Visitor: 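After the structure tokens below, expect a handful of questions from me.
Keep in mind that what you see is a predicted model, and the values were worked out from it rather than measured.
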Amino acid sequence: MPIPPYKAPKQRRYDVVIVGGAAVGSSVAYWLSTEMGEKISVLVVERDSSYEFSSTALSTSAIRQQYSNPINVTISQFGVEIIRNFADRMGKFFPGEPAPDLGFKEYGYLYCCTPEGVDAAKDRVELQRNLGAHTVFLDPGALKEKFPWVNVEDLGGASWGAEAEGWFDSMGLLTGFRRGARAQGVEYVDNAVTGLGLEGGTVKTVQLSTGEVISCGTLVNAAGPRAQMIAAMAGLSIPVEPRKRHSFVFASATPIPGRMPNVIDLTGTFVRPEGELFLTGNTPENDGPAGYDDFETRHEEFEERLWPSLWHRIPAFDALRIQQSWTGHYEYNTLDHNGIVGFHPEVTNFMFANGFSGHGLQQSPAVGRAVMELIVHGGFRTLDLTPFRYERIPANEPFLEDAVI
């Protein structure tokens, strides 16, 4: 995989070194610099500042509140707040030019459920609504009336997020966080971390591929699918690995009338509109760890698995033609598909911000703020992300989320 020429950082010591400068890492940098300004020195080490193969760039860029755990709902609610007001928040960092408009399409998610899954779906809807979400449950009749193009014959109904769910511009979010962080004093460097030096239970130094050894006060692991590679440099282990996710953009001979939400089928296949086209994907067959540089698309996935489920759920999708495809990586937490956020109990200045399993982009605003709070204040001040703590990993105590795509 081609990478840009690497450069050396300007200093030899930083209060905080962040490994990875995509959505999560840049969010951490933005919140740190917003809170502390020039009182803190922050270096972001990004191995490929083109972000060509980053999970952020290759994401399907969506956000939802339809989760089974309250903390995931409230994390998304904060994310929606940031996305809706992003241009206003970031405008001062774009003098003389428009701030990123994230183009938030609040079309919602439509989660299909089986007849046997109705009670559980209704329980999730009640939980979400109690937290302020706008989710509603539609029985088959109401579902057919609202979305007449859906085949409801094998469904018990569906939950629909009528507001504050949808999709947005992932690179606009990253660009805003990065621009804001740099304007507030954060240094970004094109380089790769090749080693960590530990002493007395703390990370003392960070070695870069260009040979420099820099000192740090806190090390933040925001390396996405490469998170375990960085953890191993400190003698640590987390159950995070790259998992491939294929995305396909297709044209349909038959248009879908009205405002179409992001439909999540019983098979796990999702589909949503992209202008006059449609975007679809799923969890691939034989899902397992991928090589860090393996972004090859398995095109058979569309013909063998996606199209049959699309046609079954939406019969109007009987004549489709692929226009584009790509493959990105999830930073997949094999324990429980939820993020790992917090300091390691023994390597006490090693901060995790990893393992979000496809939710990293939508959770990056809240996670970045939470990491800042732990570093600056020693504890959470806004959302309590204690359930994401590292300690659950060695204890083998999964923090389960039922609504995983």
Visitor: Examine R272 relative to F270 and say whether NZ or CZ is less than 6.0 Å from the centre of the six-membered ring and inside a 45° cone about the ring axis.
Guide: no

Visitor: Is there a side chain to side chain contact (heavy atoms under 4.5 Å, CB included) between Y51 and R178 once you walk through the steps?
Guide: CA-CA 12 Å; Y51 297 103; R178 178 183 165 103; 2.8 Å; yes

Visitor: If we ignore angles and hydrogens, is there a donor and acceptor under 3.5 Å between the side chains of S54 and T56?
Guide: no

Visitor: Going by the rule ring-ring contact (aromatic ring centres under 6.0 Å, His included), which residues pair with F317 if we only count those two or more places apart in sequence or in a different chain?
Guide: F250, F278

Visitor: Say whether T218 and N349, considering side chains only, have a donor N or O and an acceptor N or O under 3.5 Å apart.
Guide: no

Visitor: Quick check for you: to the nearest 0.5 Å, what is the distance between T297 atom OG1 and K244 atom NZ?
Guide: 7.0 Å

Visitor: Could you check whether R389 pairs with D384 (Lys NZ or Arg NE/NH1/NH2 to Asp/Glu carboxylate O, under 4.0 Å)?
Guide: no

Visitor: Are the side chains of L173 and P100 in contact, using a 4.5 Å heavy-atom criterion?
Guide: no

Visitor: Not counting sequence neighbours, which residues clear side chain to side chain contact (heavy atoms under 4.5 Å, CB included) with P289? List them please.
Guide: E241, R243

Visitor: Supply the atom-to-atom distance R179 CZ to S26 OG, rounded to the nearest 0.5 angstrom.
Guide: 12.5 Å

Visitor: Less than 4.5 Å apart, any side-chain heavy atom of V371 and any of L32?
Guide: no

Visitor: Taking only residues two or more places apart in sequence or in another chain, which ones pass salt bridge (Lys or Arg N to Asp or Glu O under 4.0 Å) with E346?
Guide: none

Visitor: Looking at E81 and R89, does any basic side-chain N land under 4.0 Å from a carboxylate oxygen?
Guide: no

Visitor: Apply side chain to side chain contact (heavy atoms under 4.5 Å, CB included) to residues F168 and L361 and explain how you reach the verdict.
Guide: CA-CA 10 Å; F168 60 96; L361 178 66; 3.8 Å; yes

Visitor: Pair S41, Q11 - check side chain to side chain contact (heavy atoms under 4.5 Å, CB included), show working.
Guide: CA-CA 10 Å; S41 58; Q11 303 173 197; 4.3 Å; yes

Visitor: Do F147 and M260 make a side-chain contact, defined as non-hydrogen atoms from C-beta onward lying under 4.5 Å apart?
Guide: no

Visitor: Determine whether the side chains of T34 and Q184 contain a donor N or O and an acceptor N or O closer than 3.5 Å.
Guide: yes

Visitor: Using a 4.5 Å cut-off on heavy atoms from C-beta on, say whether the side chain of R124 contacts that of Y111.
Guide: no

Visitor: For F104, is the NZ or CZ atom of R84 found under 6.0 angstrom from the centre of its six-membered ring and inside 45 degrees of the ring axis?
Guide: no

Visitor: Side chains of R47 and V19, heavy atoms from C-beta outward: is any pair under 4.5 Å?
Guide: no

Visitor: For Q228 and N354, which I'm curious about, is there any donor-acceptor pair between the side chains at under 3.5 Å?
Guide: no

Visitor: Considering only heavy atoms from C-beta outward, does the side chain of F350 approach that of Y390 to under 4.5 Å?
Guide: no

Visitor: With no hydrogens and no angle check, is any side-chain donor or acceptor of N333 less than 3.5 Å from a backbone partner on G339?
Guide: no

Visitor: Classify the side-chain pair T269/S309 by whether it contains a donor and acceptor separated by less than 3.5 Å.
Guide: yes

Visitor: Between L208 and V193, is any pair of side-chain heavy atoms under 4.5 Å apart?
Guide: yes

Visitor: What I want to find out is whether R313 reaches D154 closely enough, with some N-O distance under 4.0 Å, to be called a salt bridge.
Guide: yes

Visitor: Show, in sequence, the C-alpha distance, side-chain angles and deciding distance for V42 and Y30, and conclude whether the side chain to side chain contact (heavy atoms under 4.5 Å, CB included) test is met.
Guide: CA-CA 10 Å; V42 180; Y30 167 76; over 6 Å; no

Visitor: What about the rings of F86 and F177, do their centers lie closer together than 6.0 Å?
Guide: yes

Visitor: Between W167 and E274, is any pair of side-chain heavy atoms under 4.5 Å apart?
Guide: yes

Visitor: Under 6.0 Å between ring centres, would you say that holds for Y292 and H329?
Guide: no

